[in-house]
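The first residue of the sequence shown is numbered 1, and numbering continues consecutively from there. Everything quoted here is computed from the prediction, not taken from an experiment.
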Amino acid sequence: MNDLEKYFYNNPGRLIHKWLHYFEIYDSHFKRFRGKEIVLVEIGVFNGGSLQMWRDYFGDTAKIYGIDIDSRVSSMEEENIKIIIGSQADRQFLRRLKKELPPIDILIDDGGHKMIQQIVTFEELFEKVKPDGVYLCEDLLTSYQLLYGGGYRRMGTFIEHSKNLIDKLNAYSSEQDSLRPDKLTKSIHSLHYYDSMLVVEKRLHNKPVHMQTGISVIDLAQLKTSRAYKIYFWLLRNVNLFLRALRLPSYKFNK
């Protein structure tokens with residue numbers, strides 16, 4: 001049992017409502033920040049219990065910000081815990097927030113869980129997270145629930161939106177102009193999908209480099225100069241080029 005779980009089960013403060021499997025995930029991605037002067041932003045205050053939990057977990061040097069649309073939560077401000085009122089679906093509010101807040105080490109989206117809220121928040125605030133920070137969006141079960149605008153493979157859900165990040169992460173390998181490296185490619189180190197949660201670890205992501213060491217026992221250079229090899233790969237490339245344009249599965253002549 002990690003320290004977050006211990007705090008939760010012996011909660012001395014305000015109400016905390018979390019899925020139990022979250023605590024292992026939190027600790028796995030957050031423990032490197034403990035005891036440091038970090039900035040944590042949590043969207044969705046509710047009763048304010050998780051803000052108290054973060055302060056206990058990270059220590060007195062951490063600056064905790066809670067964002068919520070309900071003005072009643074303003075009374076939950078405490079030492080090292082600041083509350084800001086506004087809607088996470090409001091781009092103008094989020095853009096003002098970007099100017100007001102210091103660079104963020106950890107951003108947790110535990111807000112309204114509706115598709116537009118999660119998508120807009122990521123689009124506006126991801127760049128505010130430090131180059132070595134963490135962006136975490138939880139309760140992604142709503143991407144499958146009708147009342148939140150969800151549904152299996154439904155266009156416009158946060159889950160479907162986030163799948164584009166997989167392509168962004170691998171854009172250095174793309175041969176198509178429709179997928180080229182951009183800011184997301186260069187800042188996302190890894191994507192971690194869990195039940196109802198996505199964790200995006202940021203780190204400078206340069207174009208991957210590959211190399212070889214050791215002694216080769218197979219002469220590939222001679223193979224690649226053979227006429228049969230050239231005909232085979234000419235056919236393979238052009239057939240798959242046609243199939244790719246139609247977004248059809250690839251074909252292998254030797255399958």
Side-chain angles (χ1 to χ4, degrees), residues 21-22 24-33 38-43 88 91 94-95 98 103-111 113-144 149-212 237 240-241 243-250 252:
H21 69 281
Y22 283 6
E24 179 183 0
I25 302 168
Y26 291 146
D27 189 60
S28 175
H29 292 278
F30 293 169
K31 58 187 176 184
R32 63 185 172 97
F33 296 100
I38 67 160
V39 172
L40 181 146
V41 174
E42 183 169 35
I43 298 174
Q88 69 174 124
R91 289 187 184 272
L94 295 179
R95 289 169 185 173
K98 276 194 291 189
I104 301 167
D105 293 278
I106 299 171
L107 192 149
I108 302 168
D109 182 354
D110 186 22
H113 312 312
K114 292 181 179 178
M115 305 303 101
I116 189 65
Q117 294 170 321
Q118 293 172 332
I119 292 171
V120 167
T121 299
F122 181 84
E123 289 179 345
E124 294 296 337
L125 294 185
F126 182 73
E127 66 178 357
K128 188 67 178 181
V129 177
K130 290 181 182 179
D132 61 347
V134 176
Y135 189 104
L136 185 153
C137 187
E138 60 186 60
D139 292 350
L140 300 188
L141 70 163
T142 60
S143 280
Y144 304 94
Y152 176 52
R153 292 190 177 178
R154 183 178 181 182
M155 292 179 61
T157 68
F158 184 78
I159 281 287
E160 292 303 312
H161 184 79
S162 72
K163 289 176 183 178
N164 294 315
L165 299 179
I166 300 171
D167 296 321
K168 295 292 186 182
L169 180 63
N170 291 280
Y172 283 119
S173 300
S174 174
E175 299 173 335
Q176 296 170 262
D177 290 336
S178 56
L179 177 63
R180 287 299 181 214
D182 59 12
K183 289 182 180 180
L184 289 172
T185 306
K186 296 171 183 177
S187 64
I188 295 175
H189 171 258
S190 57
L191 304 167
H192 304 260
Y193 282 91
Y194 303 93
D195 185 342
S196 299
M197 186 185 288
L198 169 62
V199 180
V200 185
E201 294 269 4
K202 294 186 72 172
R203 192 187 305 173
L204 179 62
H205 177 201
N206 294 317
K207 186 175 183 179
V209 176
H210 69 89
M211 60 185 298
Q212 300 180 77
R237 182 184 186 280
N240 276 313
L241 190 65
L243 293 174
R244 186 181 72 182
L246 299 177
R247 294 194 173 184
L248 294 174
S250 64
K252 288 187 177 181

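- Atoms CD1 and OH, from Ile104 and Tyr135 in turn, are 9.0 Å apart once rounded to the nearest 0.5 Å.
- Considering all non-hydrogen atoms of both residues, Gly111 and Asp109 come closest at N-OD1, 3.1 Å.
- Of all non-hydrogen atoms in Gln88 and Val120, the two that sit nearest each other are O-CG1, 3.7 Å.
- Remark: the backbone N or O of Gly133 is not paired with any side-chain donor or acceptor of Asp105 at under 3.5 angstrom.
- Counting only heavy atoms from C-beta outward, the side chains of Gln118 and Thr157 never approach each other to under 4.5 Å.
- Using a 4.5 Å cut-off on side-chain heavy atoms (C-beta onward), Arg154 and Met115 make no contact.
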side-chain contact (heavy atoms from CB on, under 4.5 Å) evaluation trace for Glu160 with Tyr152 = CA-CA 9 Å; Glu160 292 303 312; Tyr152 176 52; over 6 Å; no
task = Could you walk me through whether Lys168 and Asp182 pass the side-chain contact (heavy atoms from CB on, under 4.5 Å) test, one step at a time?
result = CA-CA 8 Å; Lys168 295 292 186 182; Asp182 59 12; 2.6 Å; yes
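- Ile38 CD1 to Ile106 CD1: the interatomic distance, rounded to the nearest 0.5 Å, is 4.0 Å.
- Side-chain contact between Met197 and Ile25 is present, with at least one heavy-atom pair separated by less than 4.5 Å.
- Annotation: side chain of Leu198 is in contact with side chain of Phe158 (closest heavy-atom distance under 4.5 Å).
- Under a 3.5 Å cut-off, the side chain of Lys98 and the backbone N or O of Glu124 do form a donor-acceptor pair.
- Note that CG of Leu125 is 5.5 Å distant from CD1 of Ile43, once rounded to the nearest 0.5 Å.
- Side-chain atoms of His21 come within 3.5 Å of backbone N or O of Asp195 as a donor-acceptor pair.
- Under the 3.5 Å distance criterion, the side-chain polar atoms of Asp27 are left unmatched by any main-chain donor or acceptor of Glu24.
- Within 6.0 Å of the CD atom in Glu123, the count of heavy atoms belonging to other residues, nucleotides or ligands exceeds 12.
- Put simply, the side chain of Phe122 does not reach to within 4.5 Å of the side chain of Ser162, judged on heavy atoms.
- By the 6.0 Å contact criterion, NZ on Lys130 is enclosed, its count of non-hydrogen atoms from other residues, nucleotides or ligands being greater than 12.
- Considering all non-hydrogen atoms of both residues, Ile119 and Gly156 come closest at CD1-O, 3.5 Å.
- Side-chain contact between Glu201 and Val134 is present, with heavy atoms from C-beta onward closer than 4.5 Å.
- Across Ser196 and Leu141, no two heavy atoms sit closer than the pair OG-CB, 3.5 Å.
- Separating the CG atom in Asp132 from the CG atom in Leu204 is a distance of 11.0 Å, to the nearest 0.5 Å.
- With a 4.5 Å cut-off on side-chain heavy atoms, Glu138 and Ile108 count as touching.
- From Thr185, atom OG1 reaches atom CG of Leu169 across 7.5 Å, with rounding to the nearest 0.5 Å.
- Taking the six-membered ring where tryptophan is involved, the planes of Tyr26 and Phe30 are essentially parallel, since the angle between them stays under 30° and well short of 60°.
- Put simply, the side chain of Thr121 gets close to the backbone of Gln117: a donor and an acceptor are under 3.5 Å apart.
- Ile188 places none of its side-chain heavy atoms less than 4.5 Å from the side chain of His205.
- Without hydrogens or angle criteria, Arg180 side chain to Ser174 main chain gives a donor-acceptor distance under 3.5 Å.
- In this structure a side-chain-to-backbone donor-acceptor pair under 3.5 Å is present from Lys202 to Phe126.
- Within 6.0 Å of the CZ atom in Arg95, the count of heavy atoms belonging to other residues, nucleotides or ligands exceeds 12.
- With rounding to the nearest 0.5 angstrom, the CG atom of Asp167 is 11.0 Å from the NZ atom of Lys163.
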